[in-house]
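Numbers restart at 1 for each chain; the letters A, B, ... are given by sequence-line order, proteins then strands. The structure presented is a predicted model; accordingly, all values stated were derived computationally and were not measured.
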2 protein chains.
Amino acid sequence: MATTIRQVAAEAGVSIATASRALGGSSAVVEATRERVLGVAAALNYTPSRLGRSLATGSTGNVGVILPDVTNPFYTSFLAALESALGARDLGILVGDSHESLDGERALIRRMDTQVDALVLASSRLPDAEIVAASHRLPVVLANRRLDAAAIAPAGLSQIALDVGPGFAQAAEHLHSLGHTGIVYVDGPPQSWSGRQKRDTLTRACARLGMRLTIAPTVRPDFEGGRRALEAVDLDDTTAIVAFNDQVALGLLSALREAGVEVPTRVSIVGCDDSLPHGLAWPPLTTVDSSSRTLGELAAAATLGEGALRNTVPTHLIVRDSTGACPAASV
Amino acid sequence: MATTIRQVAAEAGVSIATASRALGGSSAVVEATRERVLGVAAALNYTPSRLGRSLATGSTGNVGVILPDVTNPFYTSFLAALESALGARDLGILVGDSHESLDGERALIRRMDTQVDALVLASSRLPDAEIVAASHRLPVVLANRRLDAAAIAPAGLSQIALDVGPGFAQAAEHLHSLGHTGIVYVDGPPQSWSGRQKRDTLTRACARLGMRLTIAPTVRPDFEGGRRALEAVDLDDTTAIVAFNDQVALGLLSALREAGVEVPTRVSIVGCDDSLPHGLAWPPLTTVDSSSRTLGELAAAATLGEGALRNTVPTHLIVRDSTGACPAASV
DNA sequence: CGAGCGAATGAAACCGGTTACATCAACCTA
DNA sequence: TAGGTTGATGTAACCGGTTTCATTCGCTCG
């Protein structure tokens, strides 16, 4: 159906080799010939087949991106940043949604790994060994995740992560300085690497500051998950909540409003990601600036760069209006 | 690097044709041979190259999806629905973000059209002629857009759209019955097909009901666009606002709250898409149920189905708490 | 004038699969 | 036993490009 390079070559009266060279901009073809070939190509509305080229050159011009949830704003802005950076180099994106499932992630990798130049895994739930195995077949960029053993860092495996340590430590200190004596942490998925970082940081900080720490689970780290998580929280006993991300915080905010609990007078809330446009949450959310756009830009840089990259971006707390002094009555 | 079918064939002591048949599950290969080939393939960790197969069979197993904005929840849930349905058939998705730009859309189509089996264009801003041209090269599914002339419906071009007519007419009637005498419509991008449907419907309904209609533009149909749009609205003179979508409505809500204008006592607001999880907006938003998930599912069906499809899904108004009686004082 | 050189082009192999067609053996039937 | 049929497998063409290597031609220089 579509015109091929052989048709162009035949029409222009040259060999396919010459046609290929002329179209590819090789200098080893005389001006008159080039023009003739280009003219014929234009007239025939010829577009080179990406497939044929991929097979011949061994590079596809596509990268695979696997996310736990395309619907989650954290990943969509990650994806948007990645897409912009790669698209500028005329690279395409094959996107896959693992739906937070291990098998889903495996299936996607299998489907993609013979047709992309590199693989970007966002918040992968895969065990270290499988990630390393994949990185032997093609370059892998691990975003928002880091392998346990720092020793084994295979070539072709980049690791981009946000260091939530500073931000979450500041969150605990901030709440401590406001007079709160305990924190409820509403967590993300159990296998989440960044979730573990957040838990660990809060655990250490609370121990240091002499605060109580309670951990509440979520089914999924989104708005609805946040709403549901509040059911497991003993409101009589809590004055401060830290959430896995802004979506969960938003859900908590919504459920608290329905329960008639005022924020921040009665309960303080801290989110994470700084992913909400100004004014979306009310009151404006105190949050940790774990920017997924930045994560996406760094992942793109790692994909484009040849060597393996290991990058950690520090975070910090942004204080807004969803945190306030601990109400004296409740201690 | 990766093992090829030739290596498998050699190792198993058969021709590549037999190897291909054994792996492909053809019945024309004796059991013993099949087992031997499959055993060798497993031992060598062989995965067939998607590229080689695509070139040989003429079908890639990928479909291209082009969206105006991957960050917009309307398109992400569209994408999620599409991804689920296509992924279940082991089809991959090449995603592109046109950033609401015509040239961006053209570039993406050019990059994709030789490496996908079909193209899904969501809210395409392209002129009819270019869409028709693309549909001559490969199957095209037009989502949330319809060609002007119903006469020219090329084979291989499907059109899936939500009929916002009923929903927006009901919105006008609803506001009319609450005593409002005028509506401000905060619009989407000027080239948007669905935007025109919404404008036209409101224009007709307002004429019929004897209401004033004012149209305010947005730079981009998102939260921030909604906030900015309020600057152009004369608040002394308006009691009811209809928004292009929920994101814009949310932005309006946020800006109104900052301006100290109460919803719905002072101003009523109607959104569109029903894209917000329950409780995200406060007060809960009266909206038109223009579900993008449904749109995605229908687009997937059109992509999978062989023939061209033309489908329209009706919408209706969902009344919640962001609309109320017109304040007597202001007329 | 002929050897030598470089520039432009062509022939053909190759990337990794699929598949139409040829081949060959075994079996069945007349 | 010869001829036909069937079933398993091999040979080779093909998909649409790129690239190595060989060829041809015109030119320069000794």
Residue pair A/Thr18 / A/Ser15, side-chain donor-acceptor N/O under 3.5 Å: yes
Distance-only polar pair, side chains of B/Tyr75 and A/Thr76, donor-acceptor under 3.5 Å: no
DNA chain D-proximal residues of residues 31-39 of chain A, any heavy atom under 4.0 Å: none
Nucleic acid contacts - residues 52-59 of chain A versus DNA chain D, non-hydrogen atoms under 4.0 Å: A/Gly52, A/Arg53, A/Leu55, A/Ala56, A/Thr57
Candidate pair B/Arg106 and B/Glu130, rule salt bridge (Lys or Arg N to Asp or Glu O under 4.0 Å), full reasoning: CA-CA 9 Å; B/Arg106 288 198 189 99; B/Glu130 287 186 54; 2.7 Å; yes
Sugar-phosphate only, base, or nothing, as touched by A/Thr4 at under 4.0 Å among non-hydrogen atoms: sugar-phosphate
Which nucleotide in C/dT19, C/dT9, D/dT18 has an atom nearest any side-chain atom of A/Thr18: C/dT9
Distance-minimising heavy-atom pair for B/Pro68 and B/Ala122: CD-O, 3.5 Å
Residues touching DNA chain C, which here means a heavy atom under 4.0 Å, drawn from residues 41-50 of chain B: B/Tyr46, B/Thr47, B/Pro48, B/Ser49
Nucleotide nearest A/Ala17 (side chain, heavy atoms from C-beta), chosen from D/dT19, C/dT9, D/dT9: D/dT19
Show me the donor-acceptor pairs, under 3.5 Å and distance only, between side chains in residues 112-121 of chain B and residues at least two apart or in other chains.
unit_1   : atom_1 : unit_2   : atom_2 : d
B/Asp113 : OD2    : B/Arg137 : NE     : 2.9
B/Asp113 : OD2    : B/Arg137 : NH2    : 2.9
B/Thr114 : OG1    : A/Arg50  : N      : 3.0
B/Gln115 : OE1    : A/Asn62  : ND2    : 2.9
B/Gln115 : NE2    : B/Arg111 : O      : 3.1
B/Asp117 : OD1    : B/Thr60  : N      : 2.7
B/Asp117 : OD1    : B/Thr60  : OG1    : 3.0
B/Asp117 : OD2    : B/Thr60  : N      : 3.3
B/Asp117 : OD2    : B/Gly61  : N      : 2.8

Side chain to side chain, B/Leu23 and B/Tyr46, heavy atoms closer than 4.5 Å: yes
Among C/dT18, C/dA8, D/dT18, the one nearest A/Ile16 by side-chain distance: D/dT18
Atom-to-atom span, CZ of A/Arg21 to P of C/dA8 - whole angstrom: 11 Å
Spacing between B/Arg6 atom CZ and C/dG17 atom P, to the nearest angstrom: 8 Å
Salt bridge (Lys or Arg N to Asp or Glu O under 4.0 Å) assessment of A/Glu105 paired with A/Arg125: CA-CA 8 Å; A/Glu105 201 171 341; A/Arg125 315 297 192 212; over 6 Å; no
A/Ile160/A/Leu142 under side-chain contact (heavy atoms from CB on, under 4.5 Å): CA gap, chis, key distance, verdict: CA-CA 6 Å; A/Ile160 312 289; A/Leu142 212 48; over 6 Å; no
Residue pair A/His99, B/Glu83: steps toward the side-chain contact (heavy atoms from CB on, under 4.5 Å) verdict: CA-CA 11 Å; A/His99 300 281; B/Glu83 210 269 352; 3.9 Å; yes
Nearest non-hydrogen partners of A/Val140 and A/Ser135, listed with the distance: CG2-CA, 3.6 Å
Nearest-0.5 Å distance, OG of residue B/Ser124 to CD1 of residue B/Ile109: 6.0 Å
The helix from C/dC1-D/dG30 to C/dA30-D/dT1: angle between end helix axes, five pairs per end, rounded to 10 degrees: 70°
Salt bridge (Lys or Arg N to Asp or Glu O under 4.0 Å) evaluation trace for A/Asp90 with B/Arg110: CA-CA 11 Å; A/Asp90 202 36; B/Arg110 204 170 329 122; over 6 Å; no
Pair A/Asp128-A/Arg146, salt bridge (Lys or Arg N to Asp or Glu O under 4.0 Å): steps then yes or no: CA-CA 9 Å; A/Asp128 284 6; A/Arg146 203 174 275 297; over 6 Å; no
A/Thr71 and B/Ser77: side chain donor to acceptor below 3.5 Å: no
Rounded distance (Å) that lies between atom P of D/dC15 and atom CD1 of A/Ile5: 14 Å
Contact under 4.0 Å: B/Ser15 side-chain N or O vs D/dG10 OP1/OP2: yes
Within residues 106-114 of chain B, residues whose heavy atoms come under 4.0 Å of DNA chain C: none
